[in-house]
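First the structure, in the form of structure tokens, and then the observations on it.
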Amino acid sequence: MKMENRVYGVLGIKSIMSNWNADFTGRPKTTGNGEIFGSDKAFKYPMKKMWQDQDEKVLYIKSYRIDDKSDKIQPKELSERYEEIFGDKIDKKTPSREVLKNLFSSIDVINFGATFAEKEQNISITGAVQIGQGFNKYEDTRIEIQDILSPFRDSTVKDAKSTTLGTKIVSDEAHYFYPFSVNPNSYDNYIGLIDGFEGYTVEAYEKFKEASLIAATALNTNSKFGCENEFAFFIECKDESKLYLPDLAQYIKFQKGEEKSTIDLTGLEFLNEQNIAEEISIIEVYYNPYTTEIVDEFAGINIEYKNIFTREVIK
């Protein structure tokens, strides 16, 4: 069923002694003035990985092949990944309707869109779901560099008699807040062009929402162990609403406490204004009540607070 209403919100990631999003030097990614942030790609990857583990079709995720000539492992090309997922090769005779139908059957494409740059098909799809950059709101974050001793000697180093030494770089604590929006009308131009295509669906949104709440917690790689979903804020507009909202993460503050930390939403009190509030169907706030408190000044809005792990209503 086609989704009719827009959604705006913020997604929060906690990182303790881990590296949520490293740059090419291995350090947590920063802006030119040193502000720590995470890219949208860092948030999308665990979502794609979770979908893949659930046997969903995921096109834009790294996969590998053994090269016939060199007998070495290497990443697949986009065309090879497309053939692996959909079982079809693309040539001059392949109709664009067929390619589009396949692309939209992939859970990551139906949510995030795609740049499908192939020789015979050059297709760009602007995603219904747009995720911005997630900035760290914790001011006292420190970068920790750990020395790691390898169990092996490096034979390429002349006269090497000891095992090699590496490093692991993490942040002691960081709290990233990502703004996002969902515009279900993004694919309306494709309705009628593709057989059976109805646009962005409620099912696709529900899968995005579920993954946005748990995917980081579920991804336990070495560098991501210690990263978890700690906050999510969803504003569901009414059907046919004309409300358009800016980046909501800029209005949120984080404060570290001795027993519990505080996520301050009082900067979003402008949502109480009548011409805005009347356009909102419901606000859902998911957070970790064991470590976090929510402070806000919402009034006259249908709002629910839920445990991000159990989904039980808190208050």
Side-chain angles (χ1 to χ4, degrees), residues 7-21 38 40 42-56 58 107-108 111 129 131 134-138 141 170-180 182 202-236 248-249 252-265 268 281-296 298 301-315:
V7 180
Y8 297 92
V10 179
L11 303 169
I13 298 293
K14 178 173 72 174
S15 174
I16 303 295
M17 291 302 292
S18 56
N19 196 339
W20 170 244
N21 189 194
D40 61 304
F43 201 102
K44 291 173 182 175
Y45 173 74
M47 298 177 73
K48 293 177 182 180
K49 186 66 173 65
M50 192 186 85
W51 285 329
Q52 185 180 51
D53 292 343
Q54 294 173 343
D55 295 325
E56 296 281 354
V58 179
I107 186 63
D108 58 321
N111 276 294
V129 177
I131 300 176
F135 283 89
N136 174 35
K137 299 277 187 174
Y138 181 45
T141 298
V170 299
S171 56
D172 64 336
E173 182 172 355
H175 298 263
Y176 299 86
F177 291 83
Y178 283 85
F180 76 90
V182 182
V202 173
E203 179 185 13
Y205 170 70
E206 290 298 333
K207 289 180 179 179
F208 158 74
K209 185 177 181 181
E210 177 68 13
S212 71
L213 291 171
I214 65 174
T217 306
L219 183 67
N220 284 327
T221 64
N222 183 268
S223 63
K224 298 297 188 293
F225 190 87
C227 297
E228 64 183 47
N229 299 88
E230 72 167 342
F231 175 78
F233 183 81
F234 295 86
I235 299 177
E236 293 192 10
L248 299 177
I252 295 177
K253 297 178 181 179
F254 176 87
Q255 183 66 44
K256 180 73 174 179
E258 291 186 5
E259 295 185 2
K260 289 187 177 183
S261 298
T262 300
I263 295 177
D264 187 345
L265 307 181
L268 292 168
S281 174
I282 188 172
I283 293 177
E284 291 180 301
V285 181
Y286 294 82
Y287 68 101
N288 181 350
Y290 314 116
T291 61
T292 309
E293 293 180 342
I294 301 294
V295 176
D296 62 52
F298 296 126
I301 298 176
N302 182 19
I303 186 167
E304 290 184 349
Y305 302 85
K306 297 181 180 180
N307 185 312
I308 197 169
F309 302 120
T310 66
R311 314 299 166 81
E312 294 178 348
V313 175
I314 296 174
K315 62 179 179 178

Original post:
NZ of Lys260: more than 12 outside heavy atoms within 6.0 angstrom?
Top reply: yes

**OP:** Find the distance between OG1 (Thr292) and CD (Glu230) and round it off to the nearest 0.5 Å.
**Re:** 5.0 Å

**OP:** Taking all heavy atoms of Thr141 and all of Asn136, pick out the closest pair and write down the distance.
**Re:** OG1-ND2, 2.9 Å

Original post:
Given side chains that start at C-beta, do those of Asp296 and Phe233 come closer than 4.5 Å, heavy atoms only?
Top reply: no

Subject >> Straight-line distance of Leu213 CG to Met47 CE, nearest 0.5 Å >> reply: 9.0 Å

Original post:
How about Glu173 and Lys256: do any of their side-chain heavy atoms sit closer than 4.5 Å?
Top reply: yes

Original post:
Taking everything shown except Glu304 itself, do over 12 heavy atoms lie less than 6.0 Å from its CD?
Top reply: yes

Original post:
Has Gln255 got more than 12 heavy atoms of other residues, nucleotides or ligands less than 6.0 Å from its CD?
Top reply: no

Subject >> Between CD1 on residue Ile301 and CD1 on residue Ile282, distance to nearest 0.5 Å >> reply: 11.0 Å

**OP:** Keeping the roles fixed (side chain from Lys49, backbone from Ala215), state whether a donor-acceptor pair exists under 3.5 Å.
**Re:** no

Subject >> Pairwise side-chain contact, Ile235 with Leu248, heavy-atom cut-off 4.5 Å (strictly under) >> reply: yes

Original post:
Would you call Asn229 and Ile13 a side-chain contact if the rule is heavy atoms closer than 4.5 Å?
Top reply: yes

**OP:** Could you tell me how the ring of Trp20 sits relative to the ring of Tyr176: parallel (under 30°), tilted (30 to 60°) or perpendicular (over 60°)?
**Re:** tilted

Subject >> Short N-O contact, Arg311 and Glu210, less than 4.0 angstrom >> reply: yes

Original post:
Between Asn302 and Ser281, which heavy-atom pair has the shortest distance, and what is it?
Top reply: ND2-O, 3.4 Å

Subject >> Side-chain touch Tyr45/Leu219, heavy atoms, less than 4.5 angstrom >> reply: yes

Original post:
Does the side chain of Phe231 come within less than 4.5 Å of Leu265's, by heavy atoms?
Top reply: yes

Original post:
Using 30° and 60° as the class limits, which term best fits the ring planes of Tyr290 and Phe309: parallel, tilted or perpendicular?
Top reply: parallel

Original post:
Are the aromatic rings of Phe180 and Phe208 close, with centres under 6.0 Å apart?
Top reply: yes

**OP:** Test Asn288 against Glu228 for side-chain contact (heavy atoms from CB on, under 4.5 Å), laying out the working first.
**Re:** CA-CA 10 Å; Asn288 181 350; Glu228 64 183 47; 3.8 Å; yes

Original post:
Which atom names give the shortest non-hydrogen contact between Ile308 and Ala232, and what distance separates them?
Top reply: CD1-N, 4.5 Å

Subject >> Nearest-0.5 Å distance, NE2 of residue His175 to CD1 of residue Ile263 >> reply: 8.0 Å

Original post:
From Ile314 CD1 over to Tyr286 OH, what is the distance, rounded to the nearest 0.5 angstrom?
Top reply: 10.5 Å

Subject >> Closest heavy-atom pair and its distance - Cys227, Ser18 >> reply: SG-OG, 3.2 Å

Subject >> Heavy-atom pair with the smallest gap, counting every atom of Gln52 and Val58 >> reply: N-CG2, 3.8 Å

Subject >> Straight-line distance of Glu259 CD to Thr291 OG1, nearest 0.5 Å >> reply: 12.5 Å

Original post:
Of the non-hydrogen atoms in Tyr178 and Ala249, which two are nearest, and what is the gap between them?
Top reply: C-CB, 4.4 Å

**OP:** Answer whether the closest heavy-atom distance between the side chains of Lys14 and Tyr138 falls below 4.5 Å.
**Re:** no

Original post:
Between Phe234 and Leu11, is any pair of side-chain heavy atoms under 4.5 Å apart?
Top reply: yes

Original post:
Parallel, tilted or perpendicular: which fits the ring planes of Phe177 and Phe254, with parallel below 30° and perpendicular above 60°?
Top reply: tilted

